[in-house]
Amino acid sequence: MLEKHFQPAEVEGRIYRAWEEAGAFKAGAGKRGQAKPYCIVIPPPNVTGSLHMGHALNNTLQDVLVRFERMRGRDVLWQPGTDHAGIATQMVVERKLGSENKTDRRTMGREAFVRAVWAWKEESGGTITNQLKRLGASCDWSRDRFTMDEGLSRAVLKVFVGLHEKGLIYKDKRLVNWDPKVQTAISDLEVQQIEKKGALTWADGDPEKPFDAAALAKALKKDPSGHLYHFRYPLKDDPSKFITVATTRPETMLGDTAVAVHPEDERYTALIGKHVVLPLVGREIPIVADDYSDPAKGTGAVKITPAHDFNDFEVGERHNLARINVLDAFAKIDASAPEAYRGLDRFVARERIVADMAALGLLAKIEPTTHTVPHGDRSGVPIEPWLTDQWYVDAKTLAKQAIAAVEDGRTRFVPENWSRTYFEWMRNIEPWCISRQLWWGHQIPAWYGPDGKIFVAMSEAEAYEKAQGHYRSQKHPLSPQREGDHGEGQRQSPAQGAVPHLQASSGKITLKRDEDVLDTWFSSGLWAFSTLGWPDESPELQRYYPTSTLVTGFDIIFFWVARMMMLGLEFMHEIPFDTVYIHALVRDEKGQKMSKSKGNVIDPLELIDAFGADALRFTLAAMAAQGRDIKLAKSRVEGYRNFATKLWNAARFAELNSCARVAGFDPAKASETVNRWIIGEAGRTAAAITSEIEAYRFNEAAGAAYQFVWGTYCDWYLELSKPILTGADGPAKDETRATAAWVLDEILKLLHPFMPFITEELWAKTGEVGPKRDGLLVLTAWPEGRGLSNKAADEEIGWVIGAITDIRSVRSEMNVPAAAELELVLSGANATSKARAERHGDLIRRLARLKSIAFAAEAPKGSVQIVIGEATAALPLAGVVDIAAERQRLEKEIEKARAEIAKVDTRMANAEFVAKAPAAVIDENHQRKADFSAQIEKLEAALKRLKAAADTAALSLNAPWTDDLSAGRWCARAWPS
RNA sequence: GGGCGGUUAGCUCAGUGGUAGAGCACUACGUUGACAUCGUAGGGGUCACAAGUUCGAACCUUGUACCGCCCACCA
């Protein structure tokens with residue numbers, strides 16, 4: 001016996017365990033192992049993270065696809081796993097150590113710190129996995145992977161070494177985005193441009209406003225950005241003359257090595273080739289001509305600091321300028337600057353330098369400006385362009401085949417438009433900086449010899465082998481010797497014994513490993529094949545690569561999708577996935593991005609607790625229309641929780657009416673019209689949901705299911721079947737019971753990808769009676785949905801539903817009390833309608849609250865009349881009907897119909913329309929006109945009868961429902977004074 | 001500066017050339033042993049604006065306005 005309400009919290013855990021115990025999510029198991037594979041690799045969440053709304057959406061959509069394909073019989077692998085998330089995790093642990101143990105990573109040392117991170121990973125690593133399970137994610141957890149697993153780490157090494165050998169990974173000294181807080185280089189993608197507006201205004205020589213260093217310091221402390229400072233640089237030849245430059249970053253002037261002007265800027269042509277004396281520093285620097293300088297910007301003359309600005313770096317290259325680095329890793333002024341500024345933080349130095357320049361009379365003015373300042377996306381502090389040695393991937397070369405694969409359609413984006421974004425970025429791709437000065441991550445497999453020579457290898461032992469080979473061929477006086485014992489004593493270099501003269505030498509070389517680790521995205525870029533076992537030739541790799549669909553948000557197309565494309569094609573020589581489905585962002589109900597600082601974060605787990613995982617999943621799927629962000633309101637989740645309740649109650653109804661499944665029931669052989677109709681509707685719905693999911697229109701699929709379950713099955717079929725189910729026993733009742741149960745089964749299957757818990761639970765409950773179930777719903781075959789519809793049944797039930805709706809409508813409009821039972825007289829009905837009315841009289845009476853249905857040649861006088869097709873249905877309300885109101889109603893109906901006819905007429909009057917529109921459209925218009933004309937005819941007849949009745953009718957207060965309590969109100973309305 | 005998207009009912013949004021839709025909210029009424037987390041009925045829209053293409057435009061084209069996002073630059 002089913003409870004009145006579905007209680008998700010009591011059911012979900014049990015159901016999930018049942019799936020796992022049955023091995024339902026296991027790829028390649030049993031007979032399925034022979035089927036066509038379908039594979040999705042999960043976008044790996046941060047191992048120490050917890051589930052947010054973005055995960056909930058992302059994984060719901062994946063689960064819908066995966067459950068759908070599994071039911072369709074495919075051998076499904078949903079490959080789960082987590083990401084070590086270098087910077088994010090390291091920062092979390094550092095913060096934790098700081099607050100709990102009052103220590104920091106530098107004090108602890110690298111080894112102890114990395115141990116602490118592993119400990120934290122062990123402690124919190126299962127959180128997100130368990131949360132995904134609560135959502136219902138049907139991943140093959142037996143294949144769970146982590147980017148720092150032994151296998152995946154081996155893949156990282158192999159890729160690094162491979163790319164290095166091909167020259168696609170190289171080390172370079174150039175400007176990088178340096179995060180002075182986390183103390184690491186970051187890639188361009190990890191830089192966030194934040195717009196800053198200044199407010200400071202000051203001009204030299206304004207007697208009203210003398211320069212106030214204290215006020216400046218105060219203002220800059222509040223916001224150091226957004227101000228444009230004009231500095232005068234005195235000419236070497238004549239220190240009384242100046243060239244004025246404008247800058248938003250005064251502190252970098254300590255590293256200036258030139259001033260650039262545009263070669264055609266007449267204001268400055270005379271100065272080109274001359275020198276200025278850099279104030280505060282005293283260095284003589286040239287005035288150079290360079291196109292980079294824009295006469296329209298600032299003063300037209302621009303200071304050049306090659307070591308601290310990406311553009312200036314290029315200018316420096318062109319003019320062979322020195323690169324003077326004046327900042328250290330903490331973005332403090334370093335020893336290359338004048339003593340007065342050494343050790344100052346960049347922003348303190350800024351205010352000091354501006355004040356000092358002002359004191360020297362070299363500050364011309366300060367004006368507010370708007371510019372964007374690059375910030376580290378994790379640390380939130382302004383990044384510094386900083387000159388360091390880093391490792392780079394030659395992305396430009398790798399991008400070529402990745403672009404081609406999307407151009408020729410081997411991989412397609414859904415919605416297609418995202419391929420433009422992909423192309424745009426890929427075609428303008430810059431070298432990818434992959435080294436990070438962190439401790440948590442894959443350490444770069446590069447070793448340095450005593451002379452700085454780099455050996456890139458899969459292992460230290462191999463690096464020593466390479467080093468030995470190298471130095472021997474170089475006739476290097478040093479002999480290589482491995483450092484420490486790495487438990488692989490048997491891996492002796494074969495060369496060693498063969499080179500006695502090296503052995504004989506007493507010198508040893510020591511290789512030092514690069515301390516940096518790799519960008520997290522380097523390892524996640526291998527995810528599509530490293531999780532399947534690469535570099536080993538595993539059976540999974542053979543079977544599931546290329547994977548089928550990648551489901552992800554647009555915010556990581558560059559970070560992740562692009563890199564998987566490049567690395568997949570490079571190492572597997574095949575695309576990593578054939579379809580990339582890009583979904584939207586989940587925002588709050590006002591359309592704002594959810595963020596902790598705004599306090600508008602909706603926790604998916606709270607929603608699951610409140611409404612159940614099914615309700616949350618259905619909401620997300622129903623709102624996942626392509627190309628638009630999802631604004632999530634709690635009320636929507638509540639609404640779909642109600643939908644789950646509705647489904648539950650439909651099952652209860654079936655149970656109460658003994659609608660049990662019947663062995664061997666063949667829907668194609670049903671004979672009752674309602675049954676044939678609902679079976680056809682179920683088939684149509686199955687076909688619709690199938691094609692919508694295939695096209696990734698999750699919202700349409702969810703909508704079709706919702707409409708069918710609530711609007712068709714519950715609202716109509718169950719109502720229409722009540723007279724049969726509560727009527728006499730017999731074949732009709734048996735068939736209806738079997739049909740109701742069969743359709744419910746279909747519903748459970750169709751809803752399962754969206755609402756796995758409640759459907760699985762109902763599958764079990766409804767399986768308690770009738771023939772034994774084959775197994776769990778999760779592994780049940782998806783409905784076919786073809787060839788079950790029956791046109792005659794559809795038309796007949798359509799007529800019945802139409803009649804009931806119209807009668808209900810007019811009852812309501814005429815304020816007939818709900819309980820009142822009316823007598824209906826049908827006139828002008830043709831044989832078909834008459835037969836339909838007779839066949840379904842019982843249920844029409846029941847659902848439209850009629851006492852009886854009679855047939856007559858003409859509608860009785862003084863009745864309210866409704867046009868149903870060719871027939872007129874009359875409700876005898878003589879004497880109680882408000883004639884004026886009824887006349888108005890009829891006139892309004894006539895007016896509406898006439899307006900429609902007018903529309904058709906104008907269209908048909910257009911000769912070109914008649915000539916050019918397709919025949920079907922013309923026919924449709926003819927038909928419309930005929931229908932509306934007939935309707936008008938009937939309505940006009942009704943109006944005429946009404947008038948006649950009004951003239952002759954004896955006023956009677958004996959309404960047929962005067963015993964009803966509401967009769968008083970009814971009569972009062974009907975007879976206004 | 002370049003690119004992408006949006007503007008349809010009070011709200012949130014579907015709708016790829018042929019009769020403007022859904023959910024929520026709102027109003028009225030509640031009856032039949034599935035369901036008040038419900039039922040029945042109802043009101044509500046110049047599809048942002050303008051021009052064009054077309055027999056026909058919410059839909060295609062161009063432009064305008066406003067809103068959002070991404071990329072680049074920023075003296």
Looking at every strand, decide which applies to [X] at a 4.0 Å heavy-atom threshold: base, sugar-phosphate, or nothing.
X: Arg420(A); result: sugar-phosphate
X: Ser809(A); result: sugar-phosphate
X: Arg808(A); result: sugar-phosphate
X: His5(A); result: base
X: Ala915(A); result: nothing
X: Gln193(A); result: base

Looking at [options], which one has an atom nearest to any side-chain atom of [X]?
X: Asp715(A); options: A75(B), U40(B), C55(B); answer: U40(B)
X: Lys722(A); options: U12(B), C29(B), A34(B); answer: A34(B)
X: Lys646(A); options: C38(B), A36(B), A75(B); answer: C38(B)
X: Asn699(A); options: C38(B), A34(B), A14(B); answer: A14(B)
X: Phe558(A); options: A41(B), C70(B), A34(B); answer: C70(B)
X: Cys714(A); options: A34(B), A75(B), A41(B); answer: A34(B)
X: Ala818(A); options: U31(B), C55(B), C73(B); answer: U31(B)

Open item on the list: Below 30° counts as parallel, above 60° as perpendicular, anything between as tilted: where do the rings of Phe554(A) and Trp418(A) land?
Closed with: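 Judged by the thresholds at 30° and 60°, the geometry between Phe554(A) and Trp418(A) is parallel.
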Task: Mutual orientation of the aromatic rings belonging to Trp710(A) and Phe643(A) [parallel < 30°, tilted 30-60°, perpendicular > 60°] - done: parallel
Task: Any donor-acceptor pair under 3.5 Å from Asp265(A) side chain to Arg267(A) backbone - done: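 Judged by distance alone, yes, a pair lies under 3.5 Å.
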Open item on the list: Closer than 3.5 angstrom, by distance alone: can the side chain of Thr619(A) be matched with the main-chain N or O of Ala615(A) as a donor-acceptor pair?
Closed with: yes
For the [atom1] atoms, the ones on [N] and on [M], what distance do you get once it is rounded to whole angstrom?
N: A20(B); M: C59(B); atom1: C1'; answer: 12 Å
N: G42(B); M: C49(B); atom1: P; answer: 29 Å
N: A51(B); M: A57(B); atom1: C1'; answer: 13 Å
N: C60(B); M: U8(B); atom1: P; answer: 16 Å
N: G23(B); M: C73(B); atom1: P; answer: 49 Å

TODO: Give the rounded distance in Å between these two atoms: CZ of Phe423(A) and P of G3(B).
DONE: 17 Å
- [ ] Give the rounded distance in Å between these two atoms: OH of Tyr640(A) and P of C13(B).
- [x] 13 Å
- [ ] Could you tell me whether the side chain of Arg846(A) reaches within less than 4.5 Å of the side chain of Thr726(A), counting heavy atoms only?
- [x]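 Yes - at least one pair of side-chain heavy atoms lies under 4.5 Å apart.
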TODO: Select from Phe554(A) and Glu700(A) the residue whose nearest nucleotide in RNA chain B is closer to the 5' end of that strand.
DONE: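 The answer here is Glu700(A).
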Task: Comparing Gly300(A) and Leu189(A) on RNA chain B - which has the more 5′ nearest nucleotide - done: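 Closest to the 5' end, via its nearest nucleotide, is Leu189(A).
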Open item on the list: At less than 3.5 Å, do the side-chain atoms of Glu367(A) and the base atoms of A75(B) form a donor-acceptor pair?
Closed with: no
Task: salt_bridge(Glu251(A), Arg249(A)) N-O dist < 4.0 Å - done: yes
Task: Lys851(A) with Glu821(A): basic N within carboxylate O range, under 4.0 Å - done: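 Judged by the 4.0 Å cut-off on N to carboxylate O distance, Lys851(A) and Glu821(A) do not form a salt bridge.
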Task: Listed partners of Glu10(A) passing salt bridge (Lys or Arg N to Asp or Glu O under 4.0 Å), at least two apart - done: none
- [ ] Give the dot-bracket string for RNA chain B, reading 5' to 3', where a pair is Watson-Crick or G-U wobble with both distances under 3.5 Å, ( ) marks pairs inside the strand, [ ] marks pairs crossing earlier ones, | marks a partner on another strand, and . marks unpaired.
- [x] ((((((((.[[[[.)..(..]]]].(((((.......))))).....[[[[[..)....]]]]])))))))....
Task: Side chains of Asn649(A) and Arg652(A), donor plus acceptor under 3.5 Å - done: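 Looking only at side-chain atoms, Arg652(A) and Asn649(A) do form a donor-acceptor pair, the distance falling under 3.5 Å.
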Just the table, please: protein N/O against nucleotides 19-22 of chain B N/O, every pair under 3.5 Å.
{"from": "U19(B)", "atom 1": "N1", "to": "Arg928(A)", "atom 2": "NH1", "distance (Å)": "3.3"}
{"from": "U19(B)", "atom 1": "O2", "to": "Arg928(A)", "atom 2": "NH1", "distance (Å)": "2.5"}
{"from": "U19(B)", "atom 1": "O2", "to": "Arg928(A)", "atom 2": "NH2", "distance (Å)": "3.4"}
{"from": "U19(B)", "atom 1": "N3", "to": "Arg928(A)", "atom 2": "NH1", "distance (Å)": "3.0"}

